[in-house]
Amino acid sequence: MAAHPDYLWRNGELVKWEDATIHLTDLAWGAVGAVFEGIRAYSTADGQGLNVFRLPEHMQRLRDSSRMVRLPISYSVDELVGFTIDLLRANDIHQDTYIFPLVHSGGDMAKRNDPTSLVAAMYMRTNPSATHLCTGFTQRARISSWTRISDNVMPPRIKNISNYRNGQLANYEAKLDGYDCALMLSPQGKVSEAPGACLMMIRNNTLITPDVSSGILESITRNAVITLARDLGMDVVERTVDRTELYLADEVFLSGTAAEITSIVEVDHYAIGTGQMGEITRKLETMLLGIFRGENPTYANWLTSVYN
Ligand SMILES: *Cc1c(COP(=O)(O)O)cnc(C)c1O
């Protein structure tokens, strides 16, 4: 088996990786109804400490997601924050790490259309995940032929596992066609987001991003980037965005916990700006990395320190 951490967290307790099993027949409807979070922890500049980025906000969203799919969890945000710290400490993690909590139904899935049979169960795992910020990482994108789910089809604003089939098909298509990632349009034909990250564009020194009614996930990183852009004195506009605006943008980038900030240098074979990572994208990624590493006291309230 591949390298794995010693412990997982499951239903209120730390459990050994090997002991965290379920019965094979649970592998079906329980996962369809699941919701999750994607959270990152970053080592401090000196390599000794570890900071989790906006942990209470992520746990609040996990609670919102689970409530939305009628699988509410009883843990408070404070408890969930505490459980996360316990798990990171148990695994003695001091490197950049991804944290994945999943809330799934532990109830009788033979009654899958009966909401009264739903019983929330939860686990959390960690795995090493190096940052790509300030490494020169860029991607080429295509507009997908798949349409992004809309609010009357599935709940796009939460991290509902079933939603991700839509984005997965889009990314498969993009990769098979020689691109790095997909960008998705709403049923109205407006720009929504990438399969797992929000989309931002810079035009004439203004940051423009699809609004929360464009079928996007209510992203915590998006909120952070908007805050940073405003603090840098930029205008920020949240509105519907047309596909052809992307082709003419000065800069395009993705933002999200997994994507961090990912510069998009080409869309549908149109070079964006100079065809290289733009200046504002670079400024924002540099700033964000400094915040993650605990080097920027202005945004220290976005960090939860694990070891002190
Ligand atoms: C998680 C996610 C994002 C980014 O949200 P963050 O809170 O910034 O991590 C954007 N879109 C989708 C579909 C996501 O799942």
Side-chain angles (χ1 to χ4, degrees), residues 34-42 51-66 68-69 77 80-81 84 96-103 124 129 131-133 139 141 144 146-151 153-172 174 181-186 190-201 207 209-229 236 238 241 252-262 264 284-285 287-289 291-292 299 302-304:
V35 295
F36 71 101
E37 264 308 312
I39 309 166
R40 274 191 195 248
Y42 292 87
N51 293 314
V52 188
F53 186 63
R54 306 195 73 175
L55 181 55
E57 289 93 329
H58 280 282
M59 289 312 189
Q60 180 60 52
R61 189 171 62 196
L62 184 66
R63 279 178 55 89
D64 290 346
S65 294
S66 68
M68 170 80 239
V69 299
V77 169
L80 292 164
V81 166
T84 309
D96 295 352
T97 293
Y98 193 75
I99 304 157
F100 178 85
L102 183 90
V103 175
M124 223 178 335
S129 182
T131 181
H132 68 236
L133 291 175
Q139 291 199 317
S144 185
W146 294 92
T147 298
R148 168 81 175 151
I149 52 166
S150 70
D151 207 52
V153 175
M154 293 283 247
R157 71 190 67 248
I158 63 163
K159 292 183 110 71
N160 173 35
I161 281 278
S162 304
N163 291 357
Y164 291 82
R165 192 56 168 161
N166 175 240
Q168 202 174 37
L169 289 169
N171 266 339
Y172 288 170
C181 68
L183 303 177
M184 303 191 74
L185 304 182
S186 69
K190 302 298 180 183
V191 175
S192 182
E193 61 177 10
C198 289
L199 183 133
M200 314 240 160
M201 126 188 140
L207 187 145
T209 190
D211 63 272
V212 289
S213 294
S214 296
I216 70 167
L217 186 118
E218 290 183 347
S219 156
I220 293 162
T221 316
R222 175 181 178 277
N223 171 275
V225 169
I226 287 173
T227 303
L228 296 182
V236 176
E238 300 175 52
V241 172
V252 173
F253 64 91
L254 304 181
S255 75
T257 300
E260 303 181 303
I261 283 184
T262 299
I264 301 294
L284 287 167
E285 74 158 357
M287 207 167 166
L288 209 50
L289 186 59
I291 293 168
F292 291 159
Y299 305 97
W302 281 347
L303 303 179
T304 299

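Bear in mind the structure is a predicted one, so any value in this text is a computation, not a measurement. Both ligands and their constituent atoms are indexed starting at 1 by order of listing.
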So, taking the atom named CD1 in Ile261 and the one named CE in Met287, what distance separates them when rounded to the nearest 0.5 Å?
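Interatomic distance, Ile261 CD1 to Met287 CE, rounded to 0.5 Å: 10.0 Å.
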In a simple table, one pair per line, please give the protein and ligand 1 atom names for every N or O pair closer than 3.5 Å, along with the distance.
| from | atom 1 | to | atom 2 | distance (Å) |
| --- | --- | --- | --- | --- |
| ligand 1 | 5 (O) | Ser219 | OG | 3.4 |
| ligand 1 | 7 (O) | Arg61 | NH1 | 2.7 |
| ligand 1 | 7 (O) | Arg61 | NH2 | 3.0 |
| ligand 1 | 7 (O) | Ile220 | N | 2.8 |
| ligand 1 | 8 (O) | Ser219 | OG | 2.6 |
| ligand 1 | 8 (O) | Ile220 | N | 3.4 |
| ligand 1 | 8 (O) | Thr221 | N | 2.9 |
| ligand 1 | 8 (O) | Thr221 | OG1 | 2.6 |
| ligand 1 | 9 (O) | Thr257 | N | 3.0 |
| ligand 1 | 9 (O) | Thr257 | OG1 | 2.5 |
| ligand 1 | 11 (N) | Glu193 | OE1 | 3.2 |
| ligand 1 | 11 (N) | Glu193 | OE2 | 3.3 |
| ligand 1 | 11 (N) | Ala197 | N | 3.4 |
| ligand 1 | 15 (O) | Lys159 | NZ | 2.7 |
| ligand 1 | 15 (O) | Tyr164 | OH | 2.4 |

Applying ring-ring contact (aromatic ring centres under 6.0 Å, His included), name anything that partners [X], two or more places apart in sequence or on another chain.
X      : answer
Trp146 : none
Tyr164 : Phe36
Tyr172 : none

Met68 atom CE: more than 12 heavy-atom contacts under 6.0 Å
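No, because the 6.0 Å sphere around CE of Met68 holds 12 heavy atoms or fewer from other groups.
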Does some side-chain heavy atom of Asp64 sit less than 4.5 Å from a side-chain heavy atom of Gln60?
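Sidechains of Asp64 and Gln60: in contact.
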